[in-house]
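These notes are about the structure you will find just below.
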2 protein chains.
Amino acid sequence: MDPDFSRLDAHLDSLGVDAYAIDAASTDSNQRYLSGFDAPDPFFTCYTPEELSVLVSGLEYGRARTESRADRIERPVAYDKRELVDAYGPREASHRVAAAFLSAGGVESVAVPERFPVGTADGLREQGIEVVVDTDDVLVDIRAVKTPPELDHVRAAQRANEAAMAAAEGLIERSTIGADGQLLVDGETLTSERVKEAIEITLLKHGCGLDETIVACGERAADPHDRGSGPLYATEPIIVDIFPRNKSTKYHADMTRTFCKGEPDETLAEWYDLTERALAAALDAVEPGNTGEDVHAAACAVYEDAGLPTLRADPSTETGFIHSTGHGVGLDVHERPRLSTDGGDLVAGQVITVEPGLYDPAVGGVRIEDIVIVTDDGYENITEYPIELVVD
Amino acid sequence: MDPDFSRLDAHLDSLGVDAYAIDAASTDSNQRYLSGFDAPDPFFTCYTPEELSVLVSGLEYGRARTESRADRIERPVAYDKRELVDAYGPREASHRVAAAFLSAGGVESVAVPERFPVGTADGLREQGIEVVVDTDDVLVDIRAVKTPPELDHVRAAQRANEAAMAAAEGLIERSTIGADGQLLVDGETLTSERVKEAIEITLLKHGCGLDETIVACGERAADPHDRGSGPLYATEPIIVDIFPRNKSTKYHADMTRTFCKGEPDETLAEWYDLTERALAAALDAVEPGNTGEDVHAAACAVYEDAGLPTLRADPSTETGFIHSTGHGVGLDVHERPRLSTDGGDLVAGQVITVEPGLYDPAVGGVRIEDIVIVTDDGYENITEYPIELVVD
């Protein structure tokens, strides 16, 4: 099932260009999305309301014919690449081939993403193709609203995510508390690194990969960007934030839980309770017609009413609720919409995280993150993992 | 230890520009290399013979000061980003900030890589900065020659690679042969998928990751780009090609072995023997003063003398030796130099793979790949894994 590109048609119209063009490998999510093709090396995709066409190397030609969503699949050889290389050298030749490929589709002007390569843009311009930078990044907005198959991909990644979270919590559960409060498993100190390894191995076995995951304890947990390392300790918060990508579908999931082995102190327990309430309040605000800013405001209000600092109330604060409430999730782990002070309209079909949290080196950090789908009348929470601080 | 950028100085001189600029995340190897900084989001790096400077978000500022190799670390706030956003909107504001950051370094003209984002390039041009596309991609050539610390990073990744290869071979060794010739381990069919999982888990435990690995059996092995899937069979070639990346250093290794459980048929044994000789001949040709083309020629000659087709002798052949002899390895798994008909000079300090192979659906595929360092008087083979076809 193809995404709805009608919005792209209207956008091309408003920009007064014939087509939308991308020159990138499918590691670029716009390329992957528009072409529907997964290739490790850069290739050229051209979208017009009439036709989607790709220009791929001879090596990828056969696969593109069966796997891409393009109506027209072309190879450089069809545009006399070799002769052009002899005449103009490899770079101008590839620009001439791309220009000829566009002309063959009746395209004289293209909109391109901001990160379209300047080498290709200048080369196409030299060949008489008008190149306009799409400063709205319209594809990113179109990508924000998922098709049913895309939603299934995110659900599948989230199931893997939950298995990985269970592996992490299982290690903390199995651990005993050493003399100095360090957690021990099988007589060895339980470290962030060891928990991360258990997470990654579980994800691997579920067809997912990730480069990074967060297992941060105590003071390390007070920095939302700290990946965490070293021993884990009892009675301190342990933030576990996992954002895997399915290796075949390339879609992500994202979830965070905060655990405490043994009894948390009063402040930590209070913060956790507050954060659960902030999560509930934010989720209540998730519905079409509301904005990402509304959802963020609902979370901030819970903390502010409790007298805790938020970035919204005090842009200079370094403790309290010091990040946005969430973000879209899809081919990129962070994509639109934003759930922050500049967050726009929520639309049914968007996949978003809702992840309030509190941070202070004196206490540590607390974050609870669910991933949900915006529906016509609210949201569907696709997170099937309990919310519980204390692990015994 | 910093790389030798004197070549970049000369190149800037020849291009007649003040500086070299990159706008990318450190997933871009040129960015990672030039800045020495690892950040997930795009940032701006400017190199002049006098100074290396980076422009990073406030979020990355502290880390950039301690981790990047830049002499000057700046934040948008230092260039009144907020006021500029109010006056010109976020995009023009960021271009004005980048232009001011360049001017502060006395830079009025920059060379950029071909894949530098056109949005930034056009924006800088509007601010009066001359932007020249570096069609030589000089940084890629500089990156090809490694510093001693970089060589150690590749060696470390190769040790992990060998542990993973041993895990793969171990499964084939442990396997028994089922009635239909399928390999069985613990009563279950041994599949490509299962071997890949063992490889990836071993790499994880050695601090390495990879998105893909090749475990291809029989006919699947006859396509050098087939990742392989499904059951593995006795007496057929099983190509195992592993190219991990160390998660902290980001440097790669690359090695291929071909295994056969039980007795190979005569052709397979012959092909393996020939490929071992092609590897030896190619390695003999690895030394400064020779070119990548010389090394490729040495491998091709062994096959051609045996009456087997090569792409060099017959560009249209679909069987025989149908790929290049090797490539550089570093921050990218495929980088310069190329060991192919267009391969240039070999230089001490380059890290290259040497990987001759033969392919034919009727036989399967054979490939043997070592990774070596070009030295002043030849090469150092940093591959410490036996070359043996038959696994009993």
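Throughout, protein chains are lettered first and strands after them, A, B, ... in sequence-line order, and every chain is numbered starting at 1.
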Turns out that what part of V118(B) lies under 4.5 Å from chain A's heavy atoms comes down to both

Which one, P42(A), G123(A), G209(A), leads in non-hydrogen pairs under 4.5 Å with chain B?
P42(A)

Between D23(B) and chain A, which part of the residue has a heavy atom less than 4.5 Å away: side chain, backbone, both or neither?
both

Separation between CD (E200(B)) and CG (L204(A)), nearest 0.5 Å, reads 5.0 Å

To the nearest 0.5 angstrom, please state how far the CG atom of D137(B) sits from the CZ atom of R91(A).
6.0 Å

Go through the atoms of K196(B) and report whether side chain, backbone, both or neither lie under 4.5 Å from a heavy atom of chain A.
neither

I'd like to know if D122(A) pairs up with R125(B) as an ion pair, taking the criterion as any Lys NZ or Arg NE/NH1/NH2 lying under 4.0 Å from an Asp or Glu carboxylate oxygen.
yes

Honestly, the part of V131(A) sitting under 4.5 Å from a heavy atom of chain B is neither

Against chain B, label H334(A) side chain, backbone, both or neither, depending on which of its atoms sit under 4.5 Å from a heavy atom there.
neither

Closest approach of I201(B) to K205(A) (non-hydrogen atoms, all atoms of both residues)
CD1-CE, 3.7 Å

Has E193(A) got more than 12 heavy atoms of other residues, nucleotides or ligands less than 6.0 Å from its CD?
yes

Taking everything shown except E219(B) itself, do over 12 heavy atoms lie less than 6.0 Å from its CD?
no

Top residue by heavy-atom pair count (under 4.5 Å) with chain B, among R245(A), K247(A), E114(A), H225(A)?
E114(A)

Who in residues 60-68 of chain B is close to chain A, using a strict under-4.5 Å heavy-atom cut-off?
none

Contact class of P40(A) relative to chain B, heavy atoms under 4.5 angstrom:
neither

